[in-house]
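Accompanying notes for the structure given below.
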Amino acid sequence: MKFSLSAVIATLALAGFSAGALAKDVSLLNVSYDPTRELYEDYNKVFAKYWKEKTGDTVTIKQSHGGSGKQARTVIDGLAADVVTLALAGDIDAIATNAKSIPQNWQSRLPHNSSPYTSTIVFLVRKGNPKGIKDWGDLVKPGIAVITPNPKTSGGARWNYLAAWAWALRQPGGNEATAKAFVQKLYKNVPVLDTGARGSTTTFVQRGIGDVLLAWENEAYLSIRELGPDKVDIVYPSLSILAEPPVTVVDKVVLRRGTREVATEYLKFLYTPEAQEIIARNYYRPTDEKVAAKYARQFPKLELVTIEDFGGWAHVQKIHFADKGVFDQITAN
Amino acid sequence: MHDIDTLTKIRRRTASSLGFAIAIALVCGSARADELTELRDRLDAQEQKIKVLERKLELEEEAKKAGAASAATVKAGPKGFSLGTADNANVAKLRGVLHFDGRRYFDDVTPSTADTFLLRRVRPTLEGTLNGIFDYRFTPDFAGGRTIILDAFVAARLAPWATVTAGKFKVPVGLERIVSATDMRFIERGFPTSLLPNRDLGVQLSGNLAGGAASYSIGYFNGVSDGGSSDASGDVQNDTSGDWAARIFFTPFQSSNRYALRGLGFGIAGTYVDSTGSTATTLLPSYRTPGQQTFFSYRGTSGDVLGTYADGERIRITPQAYYTNGSFLALGEYARVSQDVTRVTPTSGTRSASLDHSAWQIQLAWFATGEEQSIRGFKPNSVFSPKDGTWGAWELAARYHELDIDDDAFEGGADSFANPATAASKARAWGVGVNWYLNQNYKWSLNYEVTRFDGGAATGDREDEKALLTRFAVGF
């Protein structure tokens, strides 16, 4: 069979024309938790470029940020999110249960329990650590003002709370009652409860309130980057919690909007080395082993408990954060 | 020797005094430093407290703003009662219209039983908006001892130029029909409205163009006879085809510096259908006087004598205009309907014809109390309050209107489409009225209309109708 050059050119032109003619504009809404603004600003640019090269389509990703619990409730109330990238699996479980827009087995659809990155909770203190805050026990001392968001609305706040609880349990004679008492004392030292982690960062960093901020590790590093290393210091406590912010496609929405393919790829791309680099540069702990090894010095090793140590999110939500749960009890007055 | 000892003693005393003074100063200085540190700490603590309070206020404001979108507001006022979110994206409104009429006739042709009080309109309305763009309305009417669904529709305002409406609503063709019942200057609408559709079931695309200087609508409806509504046929399709209806209307000077022309609006509308009725369901109208007495009907079926029915095209066209300037309003409307009809006659077999009926009106209104005229609602400058010496708004109105039946309707003697002995070939009416707006919601109207006829009697012309109409109207 002879190939006619003009036929080849015509075919390529037709393919190119077809692709151009069929190339479409598509938009996604990513409903995320509070501190991921910078991460997804960087990530979205890279993903849009990747998607354009792969399919010819132009994808615009709109972001919504807020306290993880609040964001989940907004999605349950009808906000048409194509994907949710929240602070904890419990908030996505709530969407699956109440809105029925995500299957119950959502967490098994992506690697690492649908968590492309992890983080932990650290202390951000004033430069020089004038109040000598070294560990959780220092947070309940008189005169120490602790900044942490409201666990009713913020996913990060729930990680903070559980990390404090876990530390208290580990103390000599520690049990549920002493842990509760400890956390109660801690919240007595909290002058302002923001709705989300970014709000708490604003309170501590911009408004200059408090002696210590219980922060997402990435928020702590971002604060140093923003303010400069001469304003704040990071203190790693002796024990913290492995925070696993999960991601998932919202099936009902992508089915209605016809965005399943791009939404799924948007989340899968988070696991690629290129995306994991962006994740690490934004101070989240990457799950890719090679990238994690490359940034090992940025992320000190520390003893971490997990949500499984508490019996899972369903149990924790019911005991601690539901109405009239432990948090409501200890902050009742 | 003695001096040296004295000097030494003095030196020693001075040194010890000095040392004592330094010690005192050090102790005092230390105490002051402690005091300063304490003051500094207290100042820092106060500053922190102030910062905390400021931050809490800030968070409260943020929460208030976020809550405003979903916070409910309840309003009650001249425009009815409403419940909705602060941003008005989701609103439910309860409104209503109540018209209590009186009719009295001073002619010899209208039977005395026609003198009556009646509830002309009893219409509660539930309407609202969902998600900022989806409007809905539900209006039943309980007047006349029956219950009908007057309006029931949803409208999606997709863009200023594109609103999709579906359900039962006014077919937007007749100018005076489009004017709300609460804003009419006369108690009953004029003759042109008799030729044009009232409410029907259908789907419509409409919108504003050129920044609101023009509006259009195009829709497809089940189809109703002249002046009719779909509830006459049980709100279902009763003919073989639906009606297309379209309208375009211009208000090109609404934002102009030419203030004298700002109140000018003009346009044209029409409907088209090609449909066939039957002797049982004729699809043909009757026409009534301003006093609501029937003066024209087609021949109906009686025993073996078959009546006239619609058979073919019905084309309506209506140019229309209004003008307002200060307290003055003028409204003009012309309507023409071309209706194909058929009748299986007693002697001439099947006859068919295309009959052209036309009507027009000119209406004038003037606020004697100086209010600004508007085609759509207005607010009186004062409310009726004798103790305050205010009397509400007074409006005078006058109109002339005619309806002319195609002479071909009466050709053929017993085979005619309409009986000239009972159906008039023309009606001409003039009327005067006064409207007293006690406040924005309550109006009392008085009309006097005289209607003259050509034909419509066994011999000569039907006698004039002289009707005195009153209305107590509440609308909110």
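When reading the values below, keep in mind they use all heavy atoms of this one structure, side chains included, and skip hydrogens, waters and symmetry mates. Note that the structure is a prediction, hence the values are computed from the model and not measured. Note on naming: letters A, B, ... go to the chains in the order of the sequence lines (proteins, then strands), and numbering restarts at 1 for each one.
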Could you tell me whether a side-chain N or O of B:Q48 sits under 3.5 Å from a main-chain N or O of A:G208, the two making a donor and an acceptor?
yes
Got a sec: does the NZ of A:K70 have more than 12 other heavy atoms crowding it under 6.0 Å?
no
Who wins among B:E58, B:K49, B:E62 for the most heavy-atom pairs under 4.5 Å with chain A?
B:E58
Looking at OG1 of A:T203 and CZ of B:R55, how far apart are the two atoms once the value is rounded to the nearest 0.5 Å?
3.0 Å
Look only at the side chain of B:K56 and the backbone of A:L193, and say whether a donor-acceptor pair between them is shorter than 3.5 Å.
no
Counting only heavy atoms from other residues, nucleotides and ligands, does the tally under 6.0 Å from NZ of A:K185 exceed 12?
no
Are more than 12 heavy atoms, taken from residues, nucleotides or ligands other than A:K127, located less than 6.0 Å from that residue's NZ atom?
yes
Got a second to check how far A:D194's CG is from B:L59's CG, nearest 0.5 Å?
4.5 Å
